J.: 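Mind having a look at this structure? Questions to follow.
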Amino acid sequence: MISARGTTEKVRRGESPSKEELSALVGGYLSGAVSREEMTDFLRAVCACGLSDQATIDLTDVMLRSGDTLTFTPREYPYADKHSTGGLADSTTLIVAPIVASCGVPFLKMSGRKLGHTGGTIDKLELFKGLRTELTVEEAERVVDETGVAVIAQSKDLVPADKALYKLRDETNTVKSLPLIASSVVSKKLASGADVLVLDVKTGKGAFMERVEESVKLAALMTDILFASGKQAAAVISDMNSPLGDYVGGVLEVGDALDVLAGKRGRLRTLALVLASHLLSMAKGIPLADAEKEAEEALASGRAEKKLREMISAQGGETALFDGNIRAKYKKNILHSVRAKEDGYLAGIDCVSLGYIARDAERQGAYGIFAPYKIGDFVKKDAPIFTLYGDAPVTEDIKERLEKAARLSETPVPPFPLVYEVVERKEPPRRS
Ligand code: URA
């Protein structure tokens, strides 16, 4: 007789649970036969002791089989999709999706909500008043017919096991685990109808995987499973020691993405172009250098911005936020500034704390935090390292926590690279 406790004990002893045991555990949790406490014990054991690659592959398959697997109507090019393992100030989907679609590659993505300290694309999209994310796949395909791109909430029938576990992991602080992240991401990507995938694997103090080697291992495992299952996949290991963009907090992050679509330069734009280029290269079977040119051109010509506007309208959303004057109203009122006490170099940003501060401040009605400096940047005395915007006052606790979220050094600090490595499992280009 398989028991949840027995499976958890195996993990604690460093043994590999069998597929039957994992299936009984996950199925039992979904049916109510395995309690929240028993499942939490298992998740804690996996966080502490890990899982073998085979058990991770089995867990992924068990999760995949908990729900539907989608197929989309074939088009000229295969469908593309992107997924991030979770970062701060990361609104790349709002840039990558329209770039790819405006180059003729269909993009249909199911996104998630906030997890831990990181933001979720669905929460951001819902800031376009009226926009519907709860579309059926048929409705989403109609949006793709019309515009080439749709981003919708994960349907309840798609990997329900991940839906349930994702929520429990968020509530029990059991997100940071290579096998749990791999099985969560890959089960969703296998269930979704896209054939060409780019994974943004974040690494650093603000990521769920802090060390580059761990992130490379996660990237290799995820791309291996995806390729073995018939998908083409590239995983970009990108830095998360500093917020990716310049703003943390829903509406300001949306504004940052729209600024990039309107021409703003910086890390958010650079990473979005890297991710979009890999998708275009795989979907069209063209060399990466050609894909990079196409992606740049889509952005620089304004085609990508127009494409996002079309998608927002087709999903029922208002496009008022595309107007810079409307966006500016969210930055009119400063609730608090954290200023540099002396000249110095930015040596540390507590991205996890910053994410939670933004989340808590938003709950009190604030809009978010301007955080333009990255690790290694020189900061002049009195310059605002963080600026909190909002129209309603926030508690002192928010301000105190914000004061502690950055550290300066008198001596120069080396910056981190934006992209460390790319792991690919794909067919070679069809033409060069
Ligand atoms: N993103 C996911 O989809 N799952 C995780 O576990 C972490 C990030």
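The chain is numbered in sequence order, starting from 1. Counting convention: from 1, in listed order, for ligands and their atoms alike. In this text the structure is predicted, and so the values were computed from the model without any measurement.
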J.: Which label fits Tyr356 and His117: parallel for a plane angle under 30°, tilted from 30 to 60°, or perpendicular past 60°?
T.: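 The arrangement is tilted - the two ring planes meet at 30° to 60°.
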
J.: Is any side-chain heavy atom of Lys374 closer than 4.5 Å to a side-chain heavy atom of Pro243?
T.: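 In contact.
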
J.: Could you verify whether a donor N or O on one side chain and an acceptor N or O on the other, from Ser84 and Lys202, lie under 3.5 Å apart?
T.: no

J.: Between Glu213 and Lys217, is there a salt bridge with N-O shorter than 4.0 Å?
T.: no

J.: Hey, are Asp360 and Arg363 close enough for a salt bridge, meaning a charged N less than 4.0 Å from a carboxylate O?
T.: yes

J.: Pairs under 3.5 angstrom, nitrogen or oxygen on both sides, ligand 1 versus protein: list them out, please.
T.:
| unit_1 | atom_1 | unit_2 | atom_2 | d |
| --- | --- | --- | --- | --- |
| ligand 1 | 3 (O) | His83 | NE2 | 2.9 |
| ligand 1 | 3 (O) | Ser184 | OG | 3.4 |
| ligand 1 | 3 (O) | Lys188 | NZ | 2.5 |
| ligand 1 | 4 (N) | Ser184 | OG | 2.6 |
| ligand 1 | 6 (O) | Arg169 | NH1 | 2.8 |
| ligand 1 | 6 (O) | Arg169 | NH2 | 2.8 |
| ligand 1 | 6 (O) | Ser184 | OG | 3.4 |

J.: Would you indicate whether Arg75, at its atom CZ, is surrounded by more than 12 heavy atoms from other residues, nucleotides or ligands within a distance under 6.0 Å?
T.: yes

